[in-house]
Amino acid sequence: MIALVDCNNFYASCERVFNPAIRNKPVVVLSNNDGCVIARSAESKALGIKMGEPHFMIKEQVKQHGIEVFSSNYTLYGDMSNRVMKTLAEFTPNLEVYSIDESFLDLGHFFGKDLQTYAWEIKNTVLNWTGIPVGVGVAKTKTLAKIANRLAKKSSKANGVLVLQEPEHVKAALERTEVEDIWGIGKQNARLLKHHNINTAYDLTQQNDSWVKKNLTIVGLRLVKELRGEPCLQLEEVDPPKKNICTSRSFGTPVKSLCGLEEATALYAAKCAYKLRQQGSCASAITVFITTNTFANTKQYYNSRTIQVPTPINSDLHLIHYASIVLKSIYVEGYIYKKCGVIVSGLVPENTMQLGLFDGADTGKHRDLMHALDGLNKKYGQAMVKSAAQGSSKAEWLLKREYISPCYTTKLSDVPVARL
DNA sequence: TCTGGGGTCCTAGGACCC
DNA sequence: TCTGGGGTCCTAGGACCC
């Protein structure tokens, strides 16, 4: 049996843990740049605030109902996530951290145990140890556990915990689940299924395999088998190294000049380099893209370009160097830019890297330099030591975060508070 | 005034090989 | 009238997830 444990309204719950004054108030958390609503407390959902709604469109309701608004504080959420996951790890030796607020737990070893009792123990312990409320769904496959978790949260009788074990309970759950609410069925496939009069998860399990494969590909077939109780998705306990890494942001204030874009691109390139080093990889290709504001009624421009680098790299300085070259090749004057980003791909392990025959990258020197730089930044705060190309920490294009909360649980916030 | 960021997997089709 | 058979690799685009 597999449990899916999912934190309720995770970001909003994190804000509440250290701020008791907002525990009974409607809370929303905004995306980067204070753009859209990405997390809502139960009270905010009840007020009709929608997921993804732009902040500026709900300002009236915020005022009227006294909604507590927060910029996203990923330093805080990341740390709270670690606490939750550590707590969950006490309950099973085999666990997959699926996202910042979700984990799959292998409960196969506890088959003799009363799973209902065990699931409640998990829920109560996470709340007691971290202050974060969670829902627990237990079933034979990941996809069924997802369904159990969803129903656990919806049903007042379940009250956050649901174990689907008996065939008649599984069938009832499948009948109560619309196809668009199945994990792995998105908008397009839901439309297609409804068109064929397949409305619930139960309907879907009754289709024959070749029809499913033809219409939903091999991915859909796996999903249907999982719904029937046949495991096709393994628990992935160690996350495989990433194949691509991307850093991109919208600007707090739009940027016109090449100089502004160069600073932003350098910053994102350095972030990509850091992420590469964290997973022990080097990149053999780098992509830069720039775009104007697609919502604005102004001249539009989007462009991106990828180049291969002679030898795979993961030094800030190398990434910044190549990113700058690519940026200059796609920049056109006269547009108002809203966003840019850097993507690194063709990732290879740094320790088994094929060096170039005419390697001019000074790989060893850069490795030592970056090691020192990462050490300093870990000790003294993010970007305390950085390339001058990344610009000032007061740059106007940096993220807007008007409603940021303190980083309650970490010594150093990622908003710089001290200067060397 | 104002609209997020970061990933994965699969398929079809083209280019190429013998 | 009629034009082989079997592969691999790469890329773009679409669908999905949080």
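Every chain is numbered from 1, with letters handed out A, B, ... down the list of sequences.
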Engineer: Just to confirm, is there a sub-4.0 Å distance from OP1 or OP2 of B/dT8 to any side-chain nitrogen or oxygen of A/Asn244?
Structural biologist: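 For A/Asn244, the contact criterion (side-chain N or O under 4.0 Å from OP1 or OP2 of B/dT8) is met.
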Engineer: Report yes if the side chains of A/Tyr11 and A/Ile100 come closer than 4.5 Å at any heavy-atom pair, otherwise no.
Structural biologist: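 The answer is yes, as the side chains (C-beta and beyond) meet within the 4.5 Å cut-off.
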Engineer: Please pick, from B/dG6, B/dG4, B/dT3, the nucleotide with the shortest atom-to-atom distance to any side-chain atom of A/Ser31.
Structural biologist: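 Closest of the options to the side chain of A/Ser31: B/dG4.
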Engineer: Could you check whether A/Arg191 gets within reach of a base, just the sugar-phosphate, or nothing at all, counting any heavy atom under 4.0 Å?
Structural biologist: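 No contact.
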Engineer: Strictly below 4.0 Å: does A/Arg222 bring a side-chain N or O up to OP1 or OP2 of B/dC9?
Structural biologist: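 Indeed not, no polar side-chain atom of A/Arg222 lies that close.
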Engineer: To the nearest angstrom, how far is A/Asp6 atom CG from C/dC17 atom P?
Structural biologist: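 Interatomic distance, CG of A/Asp6 to P of C/dC17: 14 Å.
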Engineer: May I ask you to test the A/Glu96-A/Leu105 pair for a side-chain heavy-atom distance under 4.5 Å?
Structural biologist: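 No - every pair of side-chain heavy atoms lies 4.5 Å or more apart.
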Engineer: Describe the nucleic acid contact of A/Leu30 in one word from base, sugar-phosphate, nothing, applying a heavy-atom distance below 4.0 Å.
Structural biologist: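 Touches nothing.
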Engineer: How many whole angstroms separate atom CZ of A/Phe104 from atom C1' of C/dC18?
Structural biologist: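 From A/Phe104 CZ to C/dC18 C1': 11 Å.
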Engineer: Set out, in order, the CA-CA distance, both residues' side-chain angles and the distance that settles ring pair (Phe, Tyr, Trp, His ring centres under 6.0 Å) for A/Tyr337 and A/Tyr331, then state yes or no.
Structural biologist: CA-CA 10 Å; A/Tyr337 294 95; A/Tyr331 172 77; 5.8 Å; yes
Engineer: Let me know the distance between CG of A/Asn189 and P of B/dC9, rounded to the nearest Å.
Structural biologist: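 After rounding, the gap between these two atoms is 18 Å.
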Engineer: I'd like the C1' distance from B/dG4 over to C/dC17, given in whole Å.
Structural biologist: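 Their C1' atoms lie roughly 15 Å apart.
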Engineer: Rounded to the nearest Å, what distance is computed from the CG atom of residue A/Asp34 to the C1' atom of nucleotide B/dG5?
Structural biologist: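 Value for this atom pair: 15 Å.
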Engineer: How far apart are the closest heavy atoms of A/Glu396 and A/Thr253, and which atoms are they?
Structural biologist: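 Shortest heavy-atom contact: O-OG1, 3.2 Å.
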Engineer: Reckon A/Leu223 touches a base, only the sugar-phosphate, or nothing at all at heavy-atom distances under 4.0 Å?
Structural biologist: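 Result for A/Leu223 = nothing.
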Engineer: Expressed as a whole number of angstroms, how long is the span from A/Ile38:CD1 to B/dT3:C1'?
Structural biologist: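 To the nearest whole Å, that distance equals 13 Å.
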Engineer: Would you kindly say whether A/Asn9 and A/Ser41 are connected by a side-chain donor-acceptor distance under 3.5 Å?
Structural biologist: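 Side chains of A/Asn9 and A/Ser41: no pair found under 3.5 Å.
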Engineer: Rounding to an integer number of Å, can you tell me how far A/Arg401 CZ sits from B/dG5 P?
Structural biologist: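 My rounded result for the distance is 12 Å.
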Engineer: Can you tell which of B/dG5, B/dT3, C/dC18 lies closest to the side chain of A/Asn32?
Structural biologist: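 For the A/Asn32 side chain, the nearest candidate turns out to be B/dG5.
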Engineer: Taking the nucleotide of DNA chain B with the closest heavy atom to each, which residue, A/Lys400 or A/Lys242, is nearer the 5' end?
Structural biologist: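 Its nearest nucleotide being more 5', the pick is A/Lys400.
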Engineer: With a non-hydrogen cut-off below 4.0 angstrom, is A/Lys338 in contact with a base, only sugar-phosphate, or nothing?
Structural biologist: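 Here A/Lys338 touches the backbone only, sparing every base.
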Engineer: Does the side chain of A/Thr247 get closer than 4.0 angstrom to OP1 or OP2 of B/dG5 through an N or O atom?
Structural biologist: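 Checking B/dG5 against A/Thr247, no side-chain N or O comes under 4.0 Å of OP1 or OP2.
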Engineer: Among the nucleotides C/dA15, B/dG5, B/dT8, which one has an atom lying closest to any side-chain atom of A/Arg249?
Structural biologist: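 Within the option list, the nearest is B/dG5.
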Engineer: How many Å lie between CD on A/Gln188 and P on B/dC9, as a whole number?
Structural biologist: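 Result: 21 Å.
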Engineer: A/Cys36 has a side chain; which of B/dT8, B/dG4, B/dG6 sits nearest to it?
Structural biologist: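 For the A/Cys36 side chain, the nearest candidate turns out to be B/dG4.
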Engineer: Between B/dC10, B/dG4, B/dG7, which one does the side chain of A/Thr217 approach most closely?
Structural biologist: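 Nearest to the side-chain atoms of A/Thr217, counting from C-beta on, is B/dC10.
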Engineer: Is there a side-chain contact between A/Asn293 and the phosphate of B/dT3, meaning an N or O under 4.0 Å from OP1 or OP2?
Structural biologist: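 Checking A/Asn293 against B/dT3: at least one side-chain N or O falls below 4.0 Å of OP1 or OP2.
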Engineer: A/Phe56 side chain: which of C/dC18, B/dT11, B/dT3 is closest?
Structural biologist: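 Closest nucleotide to the A/Phe56 side chain: B/dT3.
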Engineer: As a test of reading the structure: which of B/dT3, C/dC18, B/dC2 is closest to the side chain of A/Lys146, going by heavy atoms?
Structural biologist: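 The nucleotide sitting nearest to the side chain is C/dC18.
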Engineer: Grab the CD1-P distance between A/Ile182 and C/dA15 for me, whole Å please.
Structural biologist: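 After rounding, the reported distance stands at 18 Å.
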Engineer: Quick one: which of B/dT8, B/dT11, B/dC9 gets closest to the side chain of A/Ile218?
Structural biologist: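 Shortest atom-to-atom distance from the side chain points to B/dT11.
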Engineer: So which pairs with a foot in residues 66-79 of chain A pass salt bridge (Lys or Arg N to Asp or Glu O under 4.0 Å), sequence neighbours left out?
Structural biologist: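 Those involving residues 66-79 of chain A are A/Lys25-A/Glu68, A/Asp79-A/Arg83.
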Engineer: Side chain of A/Lys243 only, please: which of B/dG7, B/dT8, B/dT3 is the nearest?
Structural biologist: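 Looking only at heavy atoms from C-beta outward on A/Lys243, the closest nucleotide is B/dT8.
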Engineer: Which part of the nucleic acid, if any, lies within contact of A/Ser72, taking any heavy atom under 4.0 Å across all strands shown: a base, the sugar-phosphate backbone alone, or nothing?
Structural biologist: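 No contact at all - A/Ser72 keeps every heavy atom at 4.0 Å or more from the nucleic acid.
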Engineer: Can you tell me which nucleotide in C/dC16, B/dG5, B/dG7 comes closest to the side chain of A/Ser250?
Structural biologist: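 Selected nucleotide: B/dG5.
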Engineer: What contact category does A/Glu102 fall into here, base, sugar-phosphate, or nothing, at under 4.0 angstrom with non-hydrogen atoms?
Structural biologist: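 A/Glu102: backbone/sugar contact only, no base atoms under 4.0 Å.
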Engineer: What I'd like to find out is whether the side chain of A/Lys50 reaches to under 4.5 Å of the side chain of A/Ile58, using heavy atoms alone.
Structural biologist: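 Contact flag for A/Lys50/A/Ile58 side chains = no.
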Engineer: Pick the nucleotide of DNA chain B nearest each of A/Val219 and A/Ile245; which residue has the one closer to the 5' end?
Structural biologist: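 Looking at DNA chain B, the more 5' nearest nucleotide goes with A/Ile245.
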